[in-house]
Amino acid sequence: MTLASPTDFQPQGEPPASSPGGLQPDGWLRYLSFSLDHKVIGLQYLVCGFFFYFLGGALAGVIRTELASPISDFVSRETYNEVLTLHGTVMIFLWIVPVVNGAFGNYLIPFYVGARDMAFPRLNAVAFWLIPPAGLLLITSYFVQGGAAQSGWTAYPPLSITTPALGQVLWILSVLLLGGSSIFGGINFIATILKLRRPGLKMMQLPMYCWAMLGTSILVVLSTPVLAGTLILLSFDIIAHTGFFNPALGGNVVVYQHLFWFYSHPAVYIMVLPAFGLVSEILPIHARKPLFGYTTMVYSIMGIVVLGLVVWAHHMFTSGTPPWMRLFFTIATSFIAVPTGIKFFNWLATLWGGKIALNSAMLFACAFIVNFVFGGITGVALAQVPFDIHVHDTYFVVAHFHYIVYGGTVFVIFSSVYHWYPKFTGRMLNEHLGRFHFLLTFIGFNLCFAPQHWLGLNGMPRRVAEYDPSFATWNQVSSVGALLMAISSLPFLINILVSAYRGEIAGDNPWRALTPEWLTTSPPPVENWIGEAPLVTHPYGYGSAQDQIDLGAATGRDLWGGPGL
Amino acid sequence: MIVLAAVAIPTALVTLLIGMALVLTGLWVGENVSLLPQDASSNAPVYDSLFQVLFSIGTILFVGIVGLLVFSLIRFRRRPGESLDGAAIEGNLPLEILWTAIPAVVVLFVGIYSYDIYERMGGMASLNHHDLGPQSELAHRHGGHGDAMVMASISASDSGGDTTPAGPSSDPGSRPRVWGGIGVPDQAVEAEAVSVDLTAMQFAFIFHYPDTNIISGELHVPAGRTVELHMEARDVIHAFWVPQFRLKQDVIPGQPTVLSFTATRPGSYPIVCAELCGPYHGGMRSTVVVHEPDAYEAWLRQNTPTASPTVANSGTTPTA
Ligand SMILES: [Cu+2]
Ligand SMILES: [Cu+2]
């Protein structure tokens, strides 16, 4: 792969977005083409991701309908296991990972580093176009003989070896394609951030999302190949009857768990770190204050990356793991709370004393803080071996990780859509509909997942189609919450679709933001800026009266006493 | 400066009061809000005290952070017509150090405390006395039980049957390694442990009492005596979970596992399979019945199959 500069595919000097003799289509057809424009690819990721979000949401609907009653009465038990496997796989690999990395990463990173495109535009397009076939493969697996994979997104052997083989193999193929896409993307982000920075732009002047994506991409490149190798071995066990993970043939199932979680714990950070980055962009703009503690934010991202690689066995505390290993992974996992806590305190300090606009983007971002703090606290509890022994593989864990990935990351995705929609389309979203969407989502989400903590503590295991009748009430509350979440996507969809044509014209920079994507037209031209890329050395230079408070002399009381002083 | 001092002292006072109220709320919540099912094993109360501590700390942190956030959103909201920015404060080193140190201390405390709990539950006990298996080791384990050699060997000879597929083999030198769950007891207690073999399969738990040759779909145990579950999975991974015991252990094919617990409260409690094991995973449930000691003896007498007399009294010749 040679390094393609933007000039390779867009002769310089030619007016943007209208290459008369070119093979690339114009207008909306661009979004169905093998476009090399990072903004087109970003939006391709985003729209494709939302398609799979609604698919995964429908699958969640099946689960919550089944669980509205204690007996298995809505779908067959086999179908139920297919549904929960597909739900997890779709939501992780086709929705959250591609959207927080691929969609926003591709759209924003070139702007942030002052480049006209990603380092490897063709690889970038390949990475996106691996996703639709992988998703299609996963969907078709439902219709093949034996049905889709039934062993959960974790695909633990020996169950994954004994369930219908075709569906499981198609699942592996699909995840391998998606893993490949993810690795291509990660390489591209690392190269772009390190090598395509505009002359004069230093690393410590980059917007925080660049650091988040750098950290995430390092995790992607280090850990995804391990998952790929593991799944290839698993497919050998299924197809060729090898015995890597088959205890009947001398294999070891716990080895699979180690290898699987070596990727899948970092996968949590692959889903969450970019969200941290996006929040760090959104909060300062709508609070009209600089991002608090830039340097510590950078170090805490890198701390999370390092710690995130050495905590995987906390998913295996009941797997006969030796005591010393349980102890080590408890301590390592607990300590992730420290760099994560730093980030949250810095965001709170960013808001403190600001001029906070309570718009949809801000509300979703603040709800993210609430939900993630909650999920983080249950996470530290889960890291403690004795605590985990009781609630491992129960609805408590289901509740915990939905607070992290939905309450955390998905809330940030919504926040980001409200924040960057004016840039994507040149039009504003409707604020009233947006806040209504927020209210429904926040209530529905908490109604759906908060009761599941109690269910898990009191004896309801996860991945079951039937349960003890004494758990019926809280399961029904949870199902009502899920229904609210489903309804909440209506105002969102209406808003997105209607505002694209009727929304108020946004102008180039409706939020008066300083980061580089706002210093061009909305939507931006093909090579991002008509002239020279702007050099933004203070992406968070908000704040009036900068000279009135002496930073060196300011104490905590000055800061925390607020502007009333 | 005068204004600053006049405002600052009440601010500090208010902060202090809010902080104290927060801590008290957290402690009260941990003490009075019970989210857990009944406790019925000796390590359940230990678990519950850890839960209470975590619940209190979690409440303090969550309420504090959310309170701060909501206060900021209301206090610092942009009023209509306002177009100014907030103060241009980019950071504060003492503050950063403070909120690095506080979580670090909390996490360190929680870690040390939960390590202590874990040790009290027996989680740090060496598993090696299970995995060697030479007869001397077993003799030591069953030392309090009279004829240790006979005991050990009998359980070995019995295990040729279907119910304990990978149980101790008759050759002491080649005994398979045994993995341990939490709750491996100390040896004094173990001396009078009730030993039960558990076979997990799609989709049932089968219990076998090697001393009496009882085979049961339910687990019956006496209160107040340590039970040693020797667990084996037949097909895929299952997990043995009794919420009222606060105990869970995966049962993994090819990995014989020992789990010890002491039930304390007579009654019936659910046994739940917690690891996805196939379509009927949700239906893979059973019951553990905790008896008073004499009721347990009665149950044993009633259910001992007449065809094979009680092994403990039969004096069968050891095969090993
Ligand atoms: Cu993890
Ligand atoms: Cu099972």
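Residue numbers begin at 1 in each chain, while the letters A, B, ... track the order of the sequences. All values below come from the heavy atoms of this structure, side chains included, with hydrogens, waters and symmetry mates left out.
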Are the side chains of Trp99(B) and Asn346(A) in touch, meaning some heavy atoms are under 4.5 Å apart?
yes
List the atom of Gly282(B), the atom of Val464(A), and the distance in Å for their closest heavy-atom pair.
CA-CG1, 3.4 Å
Tell me which of these, Gly111(B), Ala44(B), Gly58(B), has more heavy-atom pairs under 4.5 Å with chain A than the rest.
Gly58(B)
Among the options Pro103(B), Ser72(B), Ala274(B), pick out the one with the most heavy-atom pairs lying under 4.5 Å from chain A.
Ala274(B)
Strictly distance-based, threshold 3.5 Å: is any side-chain N or O of Gln255(B) a donor or acceptor partner for the main-chain N or O of Ser319(A)?
yes
Side chain, backbone, both or neither: which part of Pro284(A) has a non-hydrogen atom closer than 4.5 Å to chain B?
neither
Would you say the side chain of Ser114(B) lies within less than 4.5 Å of the side chain of Val385(A), judging by non-hydrogen atoms?
no
Does any heavy atom of chain A fall under 4.5 Å from the side chain of Leu35(B), the backbone, both, or neither of them?
both
Please check if atom OH in Tyr113(B) has more than 12 non-hydrogen atoms from other residues, nucleotides or ligands closer than 6.0 Å.
yes
What pair of heavy atoms forms the shortest contact from Ala87(B) to Pro290(A), and how long is it?
O-CD, 3.7 Å
Using heavy-atom distances under 4.5 Å, tell me whether Met316(A) contacts chain B through its side chain, its backbone, both, or neither.
neither
Between Tyr156(A) and Glu275(B), does a side chain to side chain contact (heavy atoms under 4.5 Å, CB included) hold up when you go through it step by step?
CA-CA 10 Å; Tyr156(A) 275 12; Glu275(B) 181 70 56; 3.6 Å; yes
What do the steps show when you test Thr318(A) against Gln249(B) for side-chain hydrogen bond (donor to acceptor under 3.5 Å, both in side chains), and what is the final call?
CA-CA 5 Å; Thr318(A) 64; Gln249(B) 181 62 43; 5.9 Å; no
Measuring from Phe317(A):CZ to Lys248(B):NZ, what's the distance to the nearest 0.5 Å?
12.5 Å
Given a strict heavy-atom distance threshold of 4.5 Å, which part of Ile356(A) is in contact with chain B: side chain, backbone, both, or neither?
both
For chain B, the option from Met460(A), His453(A), Glu82(A) that forms the most heavy-atom pairs under 4.5 Å:
Met460(A)
Can you find a heavy atom in the side chain of Phe345(A) that is under 4.5 Å from one in the side chain of Ile102(B)?
no
With a 4.5 Å cut-off on heavy-atom pairs, point out which of Ser72(A), Ala287(A), Ala357(A), Gly341(A) contacts chain B the most.
Ala357(A)
Chain B interface, residue from Val338(A), Thr378(A), Leu84(A), Leu457(A) that has the most non-hydrogen pairs under 4.5 Å
Leu457(A)
Kindly compute the distance separating OG1 (Thr296(A)) from CD1 (Ile97(B)), expressed to the nearest 0.5 Å.
10.0 Å
Residue from Glu96(B), Arg77(B), His281(B) scoring the most non-hydrogen pairs under 4.5 Å with chain A is Glu96(B)
Answer with side chain, backbone, both or neither: which region of Ile331(A) has an atom nearer than 4.5 Å to a non-hydrogen atom of chain B?
neither
Considering only heavy atoms, which portion of Gln38(B) lies under 4.5 Å from any heavy atom of chain A: side chain, backbone, both, or neither?
neither
Among Ile237(B), Leu61(B), Val251(B), who wins on heavy-atom pairs under 4.5 Å with chain A?
Ile237(B)
Spacing of Ile65(B) atom CD1 and Ile369(A) atom CD1 [to the nearest 0.5 Å]:
9.5 Å
Shortest non-hydrogen contact from Lys289(A) toward Ile89(B):
CE-O, 4.5 Å
So what's closer than 4.5 Å to chain B heavy atoms on Val253(A): side chain, backbone, both or neither?
side chain
Please report the closest heavy-atom contact between Val107(B) and Ser334(A), naming both atoms and the distance.
CG1-CB, 3.4 Å
At what distance, to the nearest 0.5 angstrom, does CG of Leu276(B) lie from OG of Ser151(A)?
7.0 Å
Take a 6.0 Å sphere around CH2 of Trp474(A) and say whether it holds more than 12 heavy atoms from other residues, nucleotides or ligands.
no
Indicate, with yes or no, if the rings of Tyr118(B) and Trp324(A) have centres closer together than 6.0 Å.
no
Turns out that what part of Phe71(B) lies under 4.5 Å from chain A's heavy atoms comes down to side chain
Any chance the rings of His392(A) and Trp241(B) have centres within less than 6.0 Å?
no
For Tyr47(B) and Phe387(A), take the angle between the two ring planes, folded into 0 to 90°, and tell me which bin it lands in: parallel under 30, tilted 30 to 60, perpendicular over 60.
parallel
Taking C-beta and beyond as the side chain, do Phe374(A) and Val66(B) meet within less than 4.5 Å on heavy atoms?
no
Checked Pro158(A), Ala381(A), Ala248(A), Ser160(A) vs chain B; the most non-hydrogen pairs under 4.5 Å come from Pro158(A)
Proximity breakdown for Tyr467(A) and chain B, heavy-atom pairs closer than 4.5 Å
backbone
Can you say whether Pro270(B) sits under 4.5 Å from chain A via the side chain, the backbone, both, or neither, judging by heavy atoms?
neither
Name the region of Val254(A), side chain, backbone, both or neither, that has any atom closer than 4.5 Å to a heavy atom of chain B.
side chain
Contacting moiety of Ile285(A), where chain B heavy atoms sit under 4.5 Å
backbone
Closest non-hydrogen contact found for Cys366(A) with Leu73(B) is SG-CD2, 3.7 Å
Given a strict heavy-atom distance threshold of 4.5 Å, which part of Arg79(B) is in contact with chain A: side chain, backbone, both, or neither?
neither
Has the side chain of Glu78(A) got a donor or acceptor atom that lies under 3.5 Å from a matching backbone atom of Pro279(B)?
no
Answer with side chain, backbone, both or neither: which region of Val272(B) has an atom nearer than 4.5 Å to a non-hydrogen atom of chain A?
side chain
When you compare the side chain of Arg75(B) with that of Leu351(A), does any pair of heavy atoms fall below 4.5 Å?
no
Pick one of side chain, backbone, both or neither for His286(A), based on which atoms fall under 4.5 Å of a heavy atom in chain B.
backbone
Ile389(A) vs Arg246(B), side chain to side chain contact (heavy atoms under 4.5 Å, CB included): CA-CA, chis, key distance, verdict:
CA-CA 7 Å; Ile389(A) 294 282; Arg246(B) 317 282 190 268; over 6 Å; no
To the nearest 0.5 Å, what is the distance between CZ on Phe51(B) and NE2 on His390(A)?
8.0 Å
Distance, nearest 0.5 Å, that separates OH of Tyr294(A) from CD of Glu90(B)
11.0 Å
Where do Asp85(B) and Arg512(A) land on the side chain to side chain contact (heavy atoms under 4.5 Å, CB included) test, with the steps shown first?
CA-CA 11 Å; Asp85(B) 282 8; Arg512(A) 297 182 293 130; 4.2 Å; yes
Any donor and acceptor pair, going by atom type alone, linking the side chain of Arg78(B) with main-chain N or O of Lys355(A) inside 3.5 Å?
yes
Options Leu69(B), Leu50(B), Leu54(B), ranked by heavy-atom pairs under 4.5 Å with chain A, top entry
Leu69(B)
Which heavy atom of Asn81(A) sits nearest a heavy atom of Gly278(B), and at what distance?
ND2-O, 3.2 Å
